[in-house]
Every structure is written in C-alpha cells, then in structure tokens.
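Take a look at the structure set out below.
Hydrogens, waters and symmetry mates play no part in the numbers below; they use all other heavy atoms, side chains included. Quick caveat: nothing in here was measured; it's all calculated off a predicted structure. Convention: sequence-line order gives letters A, B, ...; per-chain numbering from 1.
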Protein chains: 2
Amino acid sequence: MTNKPQFTPEVLKLANVAKALSHPVRIFILQKLSKMNSCCYSGDLVDELPIGRSTLSQHLKELKYSGLIQGEINPPYIKYCINRKNWEEAKLLFTSFLNEDNAEEISCVINDTIRYK
Amino acid sequence: MTNKPQFTPEVLKLANVAKALSHPVRIFILQKLSKMNSCCYSGDLVDELPIGRSTLSQHLKELKYSGLIQGEINPPYIKYCINRKNWEEAKLLFTSFLNEDNAEEISCVINDTIRYK
DNA sequence: AAAACATTTCGTAATTTTGCGAAATATAAA
DNA sequence: TTTATATTTCGCAAAATTACGAAATGTTTT
C-alpha cells in the first residue's frame, strides 16, 4: 500500500545527461566539440581515439540521441557540432545540481535569459 | 602502424564521475546528501525510492566505490554522508569541463568552404 | 561505369548494469 | 537467550553497453 515515489523530471534529465557523459570517448568528443565554433568529422575523430570506426559511430549516435550533438550531412561527410541549446541546458542543470549545497543566490531562466533575484 | 592515443587522466576521471551520476537513484541520493550537514540511513532512503533494499544497497556501494559518499557505521545503522573532499574535486572537474567552451577554439575543420562546396 | 571514399548499419560476442528475493551478518531489545 | 531490526551479500536473470569486422549506403572521382 505504501506508494513508491517517482523521480522528478529534473533527476531523470540529470541522470540522462550523466549517462551520455559516462564514457571516455564521449567525454573526449564533447570536450572537443563544445569549444567555440568547433566541429568535427567522424574520420578526424577516429585518428585521435583508441577505437574503430563503427564503434565511434555508435558513440556519436548516442550523443546525437541524447541531444548534446547534432550531425549536419555534408556529403560524403557528416559534420558534427555541439547542439548549443541543449548543451547550455545541460550545463545549467548540472551547475545547479553541483551547487545546491552552497546556493544562496537564486537564479531562474525566463525566455532564455538568466535573471537573478 | 598508426599508434592509437590514450585518454588523459582528466578525461578518465570525468567519465568515472559521470558514470557514478548516471542513474536516477544515485542522482537522488547525491542531491540529498550534498546539502549541508545532510546524512541519511539506508532505511530512510528506501522509502523515498522506487526500488528494494538490496538494490539500494548496491547503488550505495557504487557511490562509496566512486568516492563520492562514505558510510559511517553507527550500529545497527550505517550513516551515509557525502565525502566532501571528493565531492568538491568532482565539482571542480565538472565545472571546468562544462565551461571549457569559453576557452580558445581548437577546430579540426579547416577551410570548410573550400573543401566542402 | 567503375573505383575510391566517408560513414553507418548489421550481426555477434563479451562484459557490465540493474533488479529482486533469500540468506547472512551484526547489533539491540525483550 | 531469543527475537526484532538494519543492512549487506549472494545467486540469479534480464537488459544494456561496448566493441569489432563485414556489409551496406550514398557520394565523389576517374
């Protein structure tokens, strides 16, 4: 009879982002792509990573699925870039999670603008 | 022939912390414990989570293994608290990773317009 | 049209993760 | 000493993750 509680959407989102970041290959890719105006091709990345092409492709697929990156088809290449909107959202989520212990200033986002109370 | 590169210790550490955070149960626990002076008993947590006791115990074990929490034996209870030192280190690692995009651009795309139409 | 190229998808295998209930451990209370 | 309590460990099963090479897809170049 004791109803088991559900996770809040925020907790679920955080866990999903963390899962996307939970492999060295994916950390490496995001570290690269998150830098300003940086985009990459799968073929460039594979030379910098200790994995094969098809495995890299799977990691890129996962990052795409998580929304953190996007692939722009530019035949016969695919140009991968960070998805700025989702990346910023993930950053915000994580930053507030990591600083919940010492937050004294409350911030909120309205219409994509960060406002401080 | 082409020597495959290794991951830097920083990338490996980040991936490990992210893995520790990659499950809603573990996010929930850390969210709780990271608040100032907050500690919990396994029995308190299980009522707030949609999993059984033995499963919770496994998640706690994993968080302990990752170094983010610690368990103080307080018979017959075990009091779980954040490991402040490691938590702060993880926060620092993550914060700088998430804000690397403000750093200098390193792009692997050169002469995009010339090479690709 | 054929060959070369960039990348993904498929099929498969090994390993890890997640979850549960039962049993074990260890202490406290009766 | 028996019983109750708090928690973990064990044994198991289902599902997910990671990795690879081969084959497939689609685009250029020759």
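Rounded to whole Å, atom P of C:dT7 lies 13 Å from atom NZ of A:Lys79. Look at CD1 on A:Ile73: it is 10 Å from C1' on D:dG26, rounded to the nearest Å. For the pair A:Ile78 CD1 and C:dT7 C1', the interatomic distance rounds to 6 Å; values are reported in whole Å. Atom P of nucleotide C:dA6 and atom CG of A:Leu45 are separated by 14 Å, given to the nearest angstrom. Rounded to an integer number of Å, the gap from A:Tyr41 OH to D:dG26 P is 20 Å. For the pair A:Tyr77 OH and D:dT28 P, the interatomic distance rounds to 10 Å; values are reported in whole Å. Whole-Å rounding puts the B:Glu72 CD to D:dA6 P distance at 18 Å. The nearest whole Å value for the distance from the CG atom in B:Leu63 to the C1' atom in D:dT8 is 16 Å.
For A:Gln6, the CD atom sits in a loose shell: 12 or fewer heavy atoms of surrounding residues, nucleotides or ligands are nearer than 6.0 Å.
For B:Arg53 and C:dG21, the shortest distance from a side-chain N or O to OP1 or OP2 is not below 4.0 Å. Between A:Thr55 and D:dA19 there is no side-chain polar atom (N or O) within less than 4.0 angstrom of OP1 or OP2. A close approach under 4.0 Å does occur between a side-chain nitrogen or oxygen of B:Lys19 and OP1 or OP2 of C:dT17. Between A:His59 and the phosphate of D:dT17, there is no side-chain N or O to OP1/OP2 separation shorter than 4.0 Å.
Counting any heavy atom pair closer than 4.0 Å across all strands shown, A:Glu62 reaches sugar-phosphate atoms only and no base atom. Nucleic acid contact for A:Ile51: sugar-phosphate only, since backbone atoms but no base atoms lie under 4.0 Å from a heavy atom of the residue. At a threshold of 4.0 angstrom between heavy atoms, the contacts of B:Ser42 are confined to the sugar-phosphate backbone, with no base atom among them. When heavy atoms are screened at a 4.0 angstrom cut-off, A:Lys64 is found touching no nucleic acid atom at all.
Ion pairing of B:Glu62 with B:Lys19 is absent here, as no side-chain N (NZ or NE/NH1/NH2) approaches a carboxylate O to less than 4.0 Å. For A:Lys13 and A:Glu89, the salt-bridge test passes: some basic side-chain N is under 4.0 Å from an acidic carboxylate O.
Between A:Gly43 and A:Gln58, the residue anchored closer to the 5' end of DNA chain C is A:Gly43, taking for each the nucleotide with the nearest heavy atom.
Side-chain contact between A:Leu60 and A:Leu45 is present, with heavy atoms from C-beta onward closer than 4.5 Å.
Of the candidate nucleotides C:dT7, C:dA22, D:dT18, C:dA22 has the atom nearest to the side chain of B:Ser54. In the set D:dT8, C:dT18, D:dT7, C:dT18 carries the atom at the smallest distance from any side-chain atom of B:His23.
Taking the six-membered ring for Trp and the full ring otherwise, A:Tyr80 and A:Tyr41 have centroids separated by 6.0 Å or more.
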